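Working notes, beginning with the structure itself.
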Amino acid sequence: MADSETLAAAQSSGLEQDTNTNTNEELMPDAQNPSEGSDSDSDSEDESQAKAQIEAIETQLYNNPSDYDSHVQYIKALRKQADIEKLRQARETMSSLFPLTPEMWREWAKDETTITISSRVEAFPQVEKLYERGVSDYLSVDLWCDYLNFVQEHDPSISECSVVGISKARNLFERALTAAGLHVAGGHRIWELYREFEQAILFTIGETDSAAKEKQIQRVRSLFHRQLSIPLTNLKSTLVAYKAWEADNESLKDVNSKESEDLPSHVVSVYQKALEMLNHRAHLEENISKNDAETEKLQDFMTYLKFEHSSGDPARIQILYERAILEFPISADLWLDYTQYLDKTFKTARIVRDSYYRATRNCPWVGELWVRYLLALERSHASEEELSKVFERSLQCTFSSIDEYLNIFLTRADGLRRRMSASTAVKDGMNYEVLRDIFQRASDYLSPHLKNTESLLGMHSYWARLESKFGKDLTAARGVWESFLKISGSMLEAWQAYITWEIEMGNINEARSLYKRCYSKKFPGTGSEDICNSWVRFEREYGSLEEFDIAVQKVAPRLQELQLFRLQQESKTIGPATNERENPSKKSAREKRKLTSHSTEEHAPPAKHHKNMAENLNKTIENDKGQVRQSAEPSEAAELDDNKAERAINQDIKDKSSKKSVQFDDQCTAFISNLSLQATDNDLHNFFADVGGVIAVRILKDKFTRKSRGLAYVDFSDDAHLAAALEKNKQIYMGKKLSVLKSDPQQGRKKGVAGRSVRSEHGNEAKKMDTREAPKGKKEFEPQSPTSRHGDVQLKGRNTFAVPRNVKPLGWSSRGKPQPDTANKHEQDDENPKSNDEFRKMFVKT
């Protein structure tokens, strides 16, 4: 218990006190505090609470050993309780899982030092090891200073100024300078400790030994010169101290002279250069020191690093990276940037390997760091034992994506393959068992997550090639492929890769067997057709005539089956023809269209055009019912009887009548023809961008193919914009000379056509023309007169069928004059405008 009492006393006072004093204070509580009895109860309660807290933290760590914060709280609680053995174990456990902060290492070392002094136990080597472990985790000037002071005070060989001790101290000081001597803000502290150590040695040399004394003076002077050549924050004060030291040694006459006077020229030169470098970095140092916001501070470090990269000094860049990592130890991007720089710059394998070791301890969840670590070990010719150890450590980590695990497995396999390829002594195949084990573990772990992916296919393909090359076992290689087919047999690429591998190995019969196994399988997209065609092509290149005939005989019915199935799917997608026998209502609607088409002959508009006009003219329930009957799906009609179909149609009519469709009056609209089939709405918007005022663009499209027909309507906000748009008539756009004319939906009235009493809204007309196609077997409608309703302009070409046209009266003959049996009726219709019901009967047979 002596250790616990001493540590508790040292922690309560905050200083390292003499053991006897601490013991006397603890042994004489009455003299120290007469009210000890009243406080003992509260102390007991505090102790019980502390124990309960420790037990709770231990439970948390048992359930979650990787909880960093719980480890920190546990160490603090044990240190407060002065439980030395548990405290040591807790620190060791945390150190094995995480890198400790410099403050935690300093605290640990000071506690152990206090115990060593109080117990009179020589434990210097253990404390020295703690400092060595601490300075390897992070760059800390404070930790290095503590380390240097400790060895000077507690190492007997150094305190006695023996030759061995002095050499050891100097080596340690040089290591500290290499690690932190270029630290702009704090490196001067290590330089000062080094000078003080050498100055102390100078004082031990007697006056009689002038040679040794002169040598030591030169050593101290050299330290001054080295420090003055480095841009450190106290550079000017260092110069003042140097001049004072030279004056004490009678090497400088006037210590009060200007800073650069009476100094050697080379010292002045390096000092001026260092001062200039310091001035260039002053604002950067100020930014990272005063900024407390993490995001902004990290950005300041990156700016600083960019500046140092431009200067090209690797040592300064490395130190600045270390300073940034001390502030942001779990920044994955920072570690990736740092290790990548070390890979490119430093040829010393130890520096790079140690950096990757630290990087993976700080950011173990970054798979790329582990991959680079394995590659760095391979470059440095690390042992197989070390490579295996690092690989197994990486698999214990949790990564954000399954691809990171795959990358680590493949990196390990790559390294083993390269070693086996380079080795000429491995002939017994024992080493290949290690490689096979890596692939097997990868397959077992990754297959559930990467099923039917190119990544898993690539790994198994790689594995199969190595089985045949290094394992010399085709059966095992085929076993790899067969196991993959069990996982991802629905992938066309899996079968293709397996077949390609067999062909590359020269196994034509085995490749043919694979085709026979998979040609009848169902693959996504066009994969089924592809594998059939691939088999025929394979037999053409490798097979005999008989084998080619067999492949064709097997593939032909399969291709026909696939083609039929595809046509059925396409017909379902497009909307197949109505089943007349199963849907009488739709059959009658079709008959009505046929009758109307026959009665009007070739000069009458198509049936779909009559129907569109009827829909716009008659906003009635009966008309909507006919529309629903015409557009109902065959699959629905097949399932409903007449009554059910009627009720469904009525409900659909109610739904449609409750919604208002967008109407276009075409009073301020341009009609575009000869438009490129590749043109889109945005293209027309861009074409009229200089005109402005575009409200809507409507490109007419084929109902089934949904491709443009080369016609469009463009609505403008007012007549002024429309007039400007018409000026673009006959302009070339997308390789076509556009026709831009004004749309005039009332032209039929002006010409006295039979349908003058009809005012169909052109927006609905365009909409119907956009979504419907002429019945099969009918020729596209061509107007009798080449002149359109756009004035004297003639629209010619294969797309003129879509030009808006006037409705001809029923009974109009192909020669442009009434038929005998309908002439009187026609004249009467011209005299008396028809009602809605009369006009509807022109189109729909009731």
Side-chain angles (χ1 to χ4, degrees), residues 367 371 374 378 384 387-388 391-392 394-395 401-423 426-524 527 530-531 534-535 538 542:
V371 170
L374 290 172
E378 186 179 355
E384 176 61 25
L387 281 163
S388 177
F391 171 69
E392 296 298 335
S394 68
L395 296 183
S401 66
I402 197 67
D403 290 334
E404 292 182 272
Y405 290 99
L406 174 63
N407 198 10
I408 290 174
F409 274 113
L410 292 179
T411 301
R412 174 65 170 149
D414 294 342
L416 290 171
R417 176 191 61 78
R418 285 188 285 263
R419 289 197 170 211
M420 295 180 65
S421 299
S423 176
V426 179
K427 296 182 180 179
D428 54 2
M430 293 299 295
N431 285 344
Y432 181 72
E433 293 297 329
V434 179
L435 184 56
R436 178 179 291 164
D437 179 67
I438 296 297
F439 277 111
Q440 187 61 58
R441 291 172 61 188
S443 178
D444 295 340
Y445 182 77
L446 300 175
S447 294
H449 307 281
L450 296 176
K451 184 178 180 180
N452 296 331
T453 61
E454 293 288 343
S455 300
L456 194 63
L457 171 60
M459 188 193 76
H460 281 82
S461 178
Y462 186 17
W463 183 8
R465 288 198 302 271
L466 295 182
E467 285 285 354
S468 60
K469 180 177 180 181
F470 293 106
K472 307 298 183 182
D473 190 347
L474 287 179
T475 303
R478 290 194 179 98
V480 172
W481 283 113
E482 293 296 335
S483 64
F484 179 65
L485 290 180
K486 291 179 181 179
I487 301 168
S488 303
S490 60
M491 280 184 67
L492 171 65
E493 295 80 3
W495 291 93
Q496 288 176 331
Y498 191 3
I499 293 170
T500 301
W501 178 80
E502 290 286 9
I503 294 174
E504 291 176 352
M505 299 297 296
N507 303 320
I508 304 302
N509 291 331
E510 286 74 8
R512 181 176 293 109
S513 299
L514 290 174
Y515 274 119
K516 292 179 180 179
R517 288 170 56 187
C518 69
Y519 84 95
S520 60
K521 289 184 175 293
K522 183 178 180 181
F523 297 108
D530 294 341
I531 199 66
S534 178
W535 185 12
F538 166 81
Y542 297 97

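Being a predicted model, the structure only gives us computed values, none of them experimental. Below, each value reflects all heavy atoms present in this structure, side chains not excepted, and no hydrogens, waters or symmetry copies. Numbering of residues begins at 1 and proceeds along the displayed sequence.
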_Under a 3.5 Å distance rule, please check whether Asp473 uses its side chain to pair with a backbone N or O of Ala476 as donor and acceptor._
yes
_Please find the pair of heavy atoms, one from Ala477 and one from Ser468, that lie closest to each other, and give the distance._
CB-N, 4.3 Å
*At what distance, to the nearest 0.5 angstrom, does NZ of Lys451 lie from CZ of Phe484?*
11.0 Å
_Run the side-chain contact (heavy atoms from CB on, under 4.5 Å) test against Thr411 and tell me which residues pass, sequence neighbours left out._
Val371, Leu374, Leu375, Asn407
*Where does the angle between the aromatic ring planes of Trp501 and Trp481 fall among parallel (under 30°), tilted (30 to 60°) and perpendicular (over 60°)?*
tilted
*Looking at Tyr542 versus Phe538, is the centre-to-centre ring distance below 6.0 Å?*
yes
*Can Glu504 and Lys469 be counted as an ion pair, charged N to O under 4.0 angstrom?*
no
*Over all heavy atoms of both residues, which pair between Ser447 and Ser443 is shortest? Give the atoms and the distance, please.*
OG-O, 2.5 Å
*asked:* Ring centres under 6.0 Å, that's the criterion: do Phe409 and Phe439 meet it?
replied: no
*asked:* Classify the ring geometry of Phe470 against Tyr432: parallel below 30°, tilted from 30° to 60°, perpendicular beyond 60°.
replied: parallel
*Using 4.0 Å as the upper bound for N to carboxylate O, is an ion pair formed by Arg478 and Glu467?*
no
*Side-chain touch Trp495/Arg517, heavy atoms, less than 4.5 angstrom*: yes
*Counting N and O atoms only, with roles assigned by atom type, does the side chain of Ser461 sit under 3.5 Å from a partner on the main chain of Leu457, one being a donor and the other an acceptor?*
no
